[in-house]
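Take a look at the structure below.
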Amino acid sequence: MIKELETVVLTRDILNHRLKRGDVGTIVAVHPGGGYEVEFVTLDGETLGVLSLTSSDVRKAEKGEIPHVRAVA
């Protein structure tokens, strides 16, 4: 189970928030019935969104993975 403040990886594109599969976010709340509030920010601190997502939308970041940088369209 993913916990608050853990790093997660987006598993699908969410284009209306300028997010792409593989983007990294932080769990800011865990919903009692399942799902998460996830915050996605740019490296300079701009919040792209705080989204309610399901467990199929994100996965826990794994040991040995490295974030990748991209420009936000």
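- Expressed to the nearest 0.5 Å, how far CG of Leu10 lies from CZ of Arg21 amounts to 9.5 Å.
- Counting only residues at least two apart or in different chains, salt bridge (charged side-chain N to carboxylate O under 4.0 Å, His left out) contacts with residues 47-58 comprise Arg12-Asp57.
- With sequence neighbours excluded, no residue forms a side chain to side chain donor-acceptor pair (under 3.5 Å) with Asn16.
- Hydrophobic clustering, defined by side-chain heavy atoms of Ile, Leu, Val, Met, Phe, Trp and Tyr closer than 4.5 Å, leaves Val24 isolated from every other such residue.
- Sorted by first and then second residue, the salt bridge (charged side-chain N to carboxylate O under 4.0 Å, His left out) pairs with a member in residues 26-36 form an empty list; sequence neighbours excluded.
- A 4.5 Å side-chain heavy-atom check between Tyr36 and Ile2 finds at least one atom pair inside the cut-off.
- The CD1 atom of Ile27 sits 9.5 Å away from the CG atom of Leu5 when rounded to the nearest 0.5 Å.
- Residue Leu15 shares its hydrophobic cluster (ILVMFWY side chains chained together at separations under 4.5 Å) with no other residue.
- When the side-chain contact (heavy atoms from CB on, under 4.5 Å) test is applied to Ser56, the partners found at least two apart in sequence or on another chain are Thr54.
- In the hydrophobic clustering of this structure, Val9 does not group with Val38; members are Ile, Leu, Val, Met, Phe, Trp, Tyr whose side-chain heavy atoms approach within less than 4.5 Å, directly or through other members.
- The shortest heavy-atom contact between Asp13 and Lys20 is OD1-CA, 3.3 Å.
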Sequence neighbours left out, cut at 3.5 Å: what donor-acceptor pairs do the side chains of residues 58-73 make with other protein atoms?
residue : atom : partner : partner atom : Å
Arg59   : NH1  : Glu65   : OE1          : 3.3
Arg59   : NH1  : Glu65   : OE2          : 3.2
Arg59   : NH2  : Glu65   : OE2          : 2.7
Lys60   : NZ   : Glu6    : OE2          : 3.1
Glu65   : OE1  : Glu62   : N            : 2.8
Arg70   : NE   : Asp23   : OD1          : 3.0
Arg70   : NH2  : Arg18   : O            : 2.9
Arg70   : NH2  : Asp23   : OD2          : 2.6

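- Note that the CZ atom of Phe40 and the CG atom of Leu51 stand 6.0 Å from one another [nearest 0.5 Å].
- Residues passing the side chain to side chain donor-acceptor pair (under 3.5 Å) test with Ser55: none are found, sequence neighbours excluded.
- For His31, the side chain to side chain donor-acceptor pair (under 3.5 Å) test picks out Glu37, with sequence neighbours left out.
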Checklist entry - Stepwise, does the side-chain contact (heavy atoms from CB on, under 4.5 Å) test hold for Val41 with Glu46? => result CA-CA 5 Å; Val41 299; Glu46 176 191 354; over 6 Å; no

Next on the checklist: Set out, in order, the CA-CA distance, both residues' side-chain angles and the distance that settles side-chain contact (heavy atoms from CB on, under 4.5 Å) for Val30 and Met1, then state yes or no.
Outcome noted: CA-CA 10 Å; Val30 178; Met1 180 167 157; 3.9 Å; yes

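- The hydrophobic cluster containing Val50 also includes Val28, under a criterion of side-chain heavy atoms closer than 4.5 Å among ILVMFWY residues, counted directly or through chains of members.
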